[in-house]
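Just so you know, these numbers use all the heavy atoms, side chains as well, and skip hydrogens, waters and symmetry mates.
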Amino acid sequence: MENIEQKVDQIFAEWDHTNTPGCSLAVIKDGQIIYSRGYGMANLDYGIPIRPDTVFHIASISKHFAALAVTLLAHEGKLSLDDEIQKYVPEVPDFGEKITLRHLIHHTSGLRDQWELLIAAGWRMDDVITMEDILELVSKQRELNFKPGEKHVYCNTGYTLLSFTVQRVTGKTMREFCEERLFKPLGMKHTHFHDDHTMIVPNRATSYAPAGPNKFSISVLSYANVGATSLFTTVEDMALWDQEFYECKVFGKDVIEEMHNCGVLNSGKKIEYAQGLVVSQYRGLKTVEHGGADAGYRTQLLRFPDQHFSVVVFANLGTITPSTLAYKIADLYLADQMTGEASEEDAVELPVEAFEKMAGQYYCPESQSQFLLEMRDGKLFIVIGPGFEVEAIAQNKVRVKRFHAIKAEIVETPDGQKMHMYWGKDEEPEILDKVTPPVFEAVDLEKYAGQYTSPELEVTYQLLCKDSALALQRRKYGITPLKAIVKDTFCCEDFTVRFTRDAQGELDGMKLTSGRMHGLKFVRQQA
């Protein structure tokens, strides 16, 4: 009969080889690591395996630590979470709305996300991106996505600004402050905020992307910014961090309790996002968690506080989903305490005709979100970036094969077919209408051609009519084809482009929108 560790190993069997990237795992119970292992390789060039002491860039789990640093300072009277960000970072523009540190912590500030702004400005994500680069971009913004406190939209910009806040209040960089006040007291000897992209890190796992069947390429990450990301650590060090949430020996009970305070919107609605932590439930048990994704790094910390049980999974391949793996492991260890179904729904077989009926262009005019469900060689793909194959989990519901949390339900209504898009458990769906894209003659597309400039990004895009299709030309990204969705609205891999018109109906500009960046204005230049 298999023991529980063998069942855990089976979950990771796909990556338990010497020719693939993989994962580092720690299972923690009552403050002790009860099972840890490495699966796959930390470095394929030199054949270095992953171990529990392998150092990973853990992406957005870094927000745990940035939030705790600011909360610690608040409890020491050095700042208040209700202070306006401009008190510490005056470079942030006055948008006519009060943006507090609490808004930044809970992702309710309305600020546009730094990564999407950088992409729109012509940066590549493998460029060296410093704290100052991000602050300069933020300082030139003129509008928010929404009024602070009105919505919860994940925003990395806020946590970079929290890092600046720590530095301005203490006179120490986030790296220096956290080393002195967080990592050293907890004994986290292999943990640091990585604010220097040239720094050598012993035992670091390399970041990888798939490059074909059983082939991989290095997914370059050169970040020199911290707060929202760039914490380097091991699963063993994370076990020390995890235990502090029970013992409260270093930071005190009041600080740890406040870390679990969830945000509240202006409407009074309570959200699940606390202070760098997501407080939720799974199969009848309370959970506290956070994940991360940068380049080829994928990470998850999942805690069941009432059971004193946690799972930490770090991966160095972009197609691995540690959140799914962590919940599968929890299903094994806590099965006798859980209720309801296990974490995974079974995939079901559907005829090709059923997928063909789902296929099409979906669009939401309010949010400017758009998704294409497209048939490729008899299989259905959702076009997010290069596109991901989906599989059915019900007659009218599919999920992305590689990222099971991303699901789409196709609903027939009197107003036509709609897509309910889900990005994670317990989230309200985004509702999009199925639309029939317009067909343009080349002469009509020529009317959109010209130069468009963003004062906020200080960049100019060239709109071209090329090969009887509209295309966008921008710095570092070359020429990108645009696909029509509805009148005056097109899309490409990175964003939706909606052209604007003046009172006389003449084209005068365009607005760019992506998931965390809404309505970025470009002005059409006169010929």
Side-chain angles (χ1 to χ4, degrees), residues 151-154 272 280 282-283 291 293 319 321 323-324 327 340-440 481-498 513-518:
K151 298 179 183 179
H152 168 72
V153 175
Y154 197 88
E272 291 187 338
S280 187
Y282 174 71
R283 297 185 63 193
T319 52
T321 54
S323 59
T324 301
Y327 278 104
E341 297 297 322
S343 58
E344 285 293 290
E345 300 170 271
D346 291 331
V348 299
E349 293 290 334
L350 289 183
V352 172
E353 293 76 17
F355 286 127
E356 289 175 339
K357 187 177 180 181
M358 297 182 195
Q361 182 72 57
Y362 294 84
Y363 173 67
C364 176
E366 181 181 359
S367 67
Q368 295 291 298
S369 295
Q370 60 79 30
F371 297 101
L372 175 66
L373 287 178
E374 181 178 70
M375 295 298 296
R376 300 178 184 176
D377 299 324
K379 298 178 180 179
L380 188 63
F381 284 73
I382 185 166
V383 183
I384 303 172
F388 297 95
E389 185 181 353
V390 302
E391 61 187 0
I393 52 176
Q395 181 65 34
N396 62 340
K397 194 172 185 179
V398 297
R399 69 181 174 203
V400 175
K401 273 192 170 184
R402 290 179 176 172
F403 308 103
H404 287 183
I406 303 176
K407 301 175 184 179
E409 183 177 10
I410 308 304
V411 180
E412 298 289 347
T413 75
D415 297 325
Q417 199 164 289
K418 297 181 183 292
M419 173 195 286
H420 290 201
M421 192 73 183
Y422 297 85
W423 293 99
K425 69 183 183 70
D426 300 326
E427 288 192 8
E428 291 295 318
E430 184 175 10
I431 301 176
L432 304 94
D433 298 314
K434 190 173 186 178
V435 297
T436 302
V439 178
F440 288 93
L482 292 177
K483 184 179 59 184
I485 301 175
V486 295
K487 184 182 185 303
D488 285 343
T489 303
F490 297 75
C491 69
C492 64
E493 184 174 311
D494 292 323
F495 27 67
T496 302
V497 179
R498 182 169 63 86
T513 293
S514 54
R516 301 169 184 171
M517 178 190 76
H518 298 170

Once you round to the nearest 0.5 Å, how far does [atom1] of [X] lie from [atom2] of [Y]?
X      : Y      : atom1 : atom2 : answer
Cys364 : Met421 : SG    : CE    : 13.0 Å
Leu482 : Thr496 : CG    : OG1   : 10.5 Å
Glu409 : Ile393 : CD    : CD1   : 9.0 Å
Tyr362 : Ile485 : OH    : CD1   : 14.0 Å
Lys379 : Glu391 : NZ    : CD    : 11.0 Å
Ile382 : Met358 : CD1   : CE    : 11.5 Å

Under 4.5 Å between any side-chain heavy atoms of [X] and [Y], yes or no?
X      : Y      : value
Thr513 : Arg498 : no
Val383 : Arg376 : yes
Phe371 : Leu373 : no
Tyr154 : Arg516 : yes
Leu350 : Val398 : no
Lys407 : Lys397 : yes

Return a table of donor-acceptor pairs under 3.5 angstrom between the side chains of residues 433-440 and protein atoms on other chains or two or more places apart.
| unit_1 | atom_1 | unit_2 | atom_2 | d |
| --- | --- | --- | --- | --- |
| Asp433 | OD1 | Lys418 | NZ | 2.3 |
| Lys434 | NZ | Lys357 | O | 3.2 |
| Lys434 | NZ | Ala359 | O | 2.8 |

Considering the options Ile431, Val411, Leu432, which one meets the side-chain contact (heavy atoms from CB on, under 4.5 Å) requirement together with Met419?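 Filter result, single survivor: Leu432.
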Please name the pair of heavy atoms, one in Gln370 and one in Cys492, separated by the smallest distance, quoted to 0.1 Å. NE2-O, 4.2 Å
What closest approach, in Å, do Phe495 and Ser514 show between heavy atoms, and which atom pair accounts for it?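 Shortest heavy-atom separation between Phe495 and Ser514 comes out as CB-CB, 4.2 Å.
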Evaluate the criterion side-chain contact (heavy atoms from CB on, under 4.5 Å) for residue pair Glu412 and Asn396; output intermediate values, then yes/no. CA-CA 9 Å; Glu412 298 289 347; Asn396 62 340; over 6 Å; no
Do Glu430 and Tyr422 pair up side chain to side chain, a donor and an acceptor below 3.5 Å, judged on atom types alone? no
Intermediate values then yes/no, side-chain contact (heavy atoms from CB on, under 4.5 Å), Phe388 and Val390: CA-CA 6 Å; Phe388 297 95; Val390 302; 5.8 Å; no
